[in-house]
There are 2 protein chains.
Amino acid sequence: MSGGTDEGPRRVGRPRADQLRPESGRPPREELLCAAAELFTLKGYAATTTRAVAERAGMRQATMYHYFAGKEELLAELLESTVAPSLALSRRLLADAARPAAVRLWELCRSDVLLLCGGPYHLGALYLLPELQGARLGQFRRMRDELREAYRTLLRATAVGDELAGDKAGLSLRNDLVFGLIEGVMLVRRSDPGRPVAAFAEAAADAALRVAGLDRADERADGQVGGRVSARAVGPGRPPSPPGRPRPGGCDPTPAGAPRP
Amino acid sequence: MSGGTDEGPRRVGRPRADQLRPESGRPPREELLCAAAELFTLKGYAATTTRAVAERAGMRQATMYHYFAGKEELLAELLESTVAPSLALSRRLLADAARPAAVRLWELCRSDVLLLCGGPYHLGALYLLPELQGARLGQFRRMRDELREAYRTLLRATAVGDELAGDKAGLSLRNDLVFGLIEGVMLVRRSDPGRPVAAFAEAAADAALRVAGLDRADERADGQVGGRVSARAVGPGRPPSPPGRPRPGGCDPTPAGAPRP
DNA sequence: ATTATCTATAGATCTATAGATAATGC
DNA sequence: ATTATCTATAGATCTATAGATAATGC
């Protein structure tokens, strides 16, 4: 029926030596990224050798250099793939003046958590690496700064933002705490990886709004305190999948260059 | 006046080769720990070589092995020194049934943040290392688990704990979020290291209580929302220095083995 | 011819040990 | 004699490059 993904060894180039890996069907570049994601998050960046990555991806160490200039380029690409979808979403949310800022902020938090924890590997762990200061990572850092600014703009537009109107430092601190909670969400996830991701992401987004200082309104509304989540009740009946379908880490079956509607 | 710390080269053993380091006066073991703290937090554990640590401490690479069996032992000792004071404080707080649990929880959070961010190096960054799974680190992990349990017990004893009485999973999730915020506080600190630590620690503790779901009581009391911190107002007129004077990372001038009253 | 891979390896580490050495202490 | 350090180095990596090789494409 479907266009037979049946692979006879029809590929150009010298065949691989040991066929240890079960031939996932993904292009080698992607396979390298996945291997790197797994190893970097599990064993750490510096502790992962190019040989480990390459061999995990089913090829010999030297072959990796056919696709990437080095280890740092792998890291850069992984990191960028982790911010990019959130950044895109944040732009859409900033433009969407119709919905309350608190709801949009919640949405951004939730989606961000899904991105950082949702994939097969918890790419969020990469945010904790000291290597983030590295040279090749400027692009990533700029994107991340823009994302932080988006958080800040949304926070500023909420009720708490009004209260802190004069207090720039206070607002920044609040925002950094919110942003830090989201980026550090890995630590929470690590301590109990068994929880279903979707519910976890919502709980984390709730917590982020509480850090911001934004759960009072709802609780005044329905009297529920703490037992049930808050901001979720505020949200519109929006389906939980964020637009643009952010691929969780680029390691799922879908090809990386999926079209954006 | 004081007991002259005047050092003529009165030390036993072969003298050091290059006297690059200005001879801090601390014993070499401590000096190694400080060097390790600085390098591990700044450049990462795996990326730091034994040579770098030793030379930073003013001695040759091989000499390090006279004091530590290897790199992992340095890490273990640093990590343990970071939990130990919090753990001790948590035991005292658990015993202190007189004060409200929320206040005690706040106190624990604040002190923990000071420990993780207060010293000259931000040891909290070590908590983010993937190497935490390492073999030699069992002792540290046990201590940390006990600390998490203390958080949980305190949280359980608050108003929120009552609300979540039946919901064990819910309580755990809350607690992990609180604990995660505190342990990940490094990420917040990193984004603006200029803020005064003391105020920052209080703001982080406030945020932790909000994550827990615990700022409503105060706000009902004084009507102040978000602008001014909450739990601080609840606290008794307790001086801000926690008992036992947790040394921030063991790298301050005081000798490491200071007596505990 | 082009492509994807391989093998081989130079050069640069890095860790941990062996054994020498230069102080003080007795 | 004891101690703290040093120098030297074996053995094990690890990265990145050079150059060969085995496919397909034309």
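On a predicted model such as this, the values are computed, not experimentally measured, just so you know. Residue numbering restarts at 1 for every chain, and letters A, B, ... go by the order of the sequence lines.
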Worksheet, complete the sentence: Here the distance between atom P of D:dG25 and atom CZ of A:Arg11, to the nearest Å, is 12 Å

Item to complete: Looking only at side-chain atoms of A:Ala62, point me to the closest of C:dT5, D:dC6, D:dT17.
Response: D:dT17

Worksheet item: Of all the choices, C:dG25, D:dA16, C:dA4, which nucleotide is nearest to the side chain of B:Val12 once you look at every atom?
Response: C:dG25

Worksheet, complete the sentence: D:dA1 -> Watson-Crick or G-U wobble partner, both distances under 3.5 Å, gives C:dT24

Worksheet item: Rounded to the Å, how far apart are B:Arg51 CZ and D:dT9 P?
Response: 14 Å

Item to complete: Would you mind reading off the distance between B:Glu72 atom CD and C:dA16 atom P, rounded to a whole angstrom?
Response: 10 Å

Response to the item:
Here the distance between atom P of C:dT13 and atom CD of B:Gln61, to the nearest Å, is 14 Å

Worksheet item: Mapping A:Tyr67 and B:Thr48 to their closest nucleotides on DNA chain C, which lands nearer the 5' end?
Response: A:Tyr67

Discussion item. If you only use heavy atoms from C-beta on, which nucleotide in D:dT5, D:dA23, C:dT15 is closest to the side chain of A:Pro15?
Written reply: D:dA23

Discussion item. Tell me whether A:Asp176 is salt-bridged to A:Arg152, with the criterion being a basic N under 4.0 Å from an acidic carboxylate O.
Written reply: no

Discussion item. Is any side-chain heavy atom of B:Phe200 closer than 4.5 Å to one of B:Arg189?
Written reply: yes

Discussion item. So A:Thr63, base contact, sugar-phosphate only, or nothing? Heavy-atom distance under 4.0 Å.
Written reply: base

Worksheet entry | Salt bridge A:Arg142-A:Asp145, side-chain N to carboxylate O under 4.0 Å | no

Discussion item. Does a side-chain N or O of A:Arg60 approach OP1 or OP2 of C:dT7 to a distance below 4.0 Å, or not?
Written reply: yes

Discussion item. Between C1' on D:dT7 and OH on B:Tyr65, what's the gap in Å once rounded to a whole number?
Written reply: 16 Å

Practice prompt. Before accepting this row, confirm whether a basic side-chain N of the pair A:Glu77/A:Arg29 lies closer than 4.0 Å to the acidic partner's carboxylate O.
Written response: yes

Discussion item. Between A:Glu183 and A:Arg144, does any NZ, NE, NH1 or NH2 come within less than 4.0 Å of an OD or OE carboxylate oxygen?
Written reply: yes

Worksheet item: Whole-Å distance between C:dT21 C1' and B:Met59 CE?
Response: 17 Å

Fill in: Nucleotide forming a Watson-Crick or wobble pair with C:dG19, both distances under 3.5 Å
D:dC6

Worksheet entry | Toward the 5' end of DNA chain D, by each residue's nearest nucleotide, A:Gly13 or A:Lys71 | A:Lys71

Item to complete: Could you state the atom-to-atom distance from CD of B:Glu73 to C1' of C:dT15 in whole Å?
Response: 15 Å

Worksheet item: Can you tell which of D:dA22, C:dT3, D:dA8 lies closest to the side chain of A:Arg14?
Response: D:dA22

Practice prompt. Please state how far atom NE2 in B:His66 lies from atom P in C:dT21, giving the value in whole angstrom units.
Written response: 18 Å

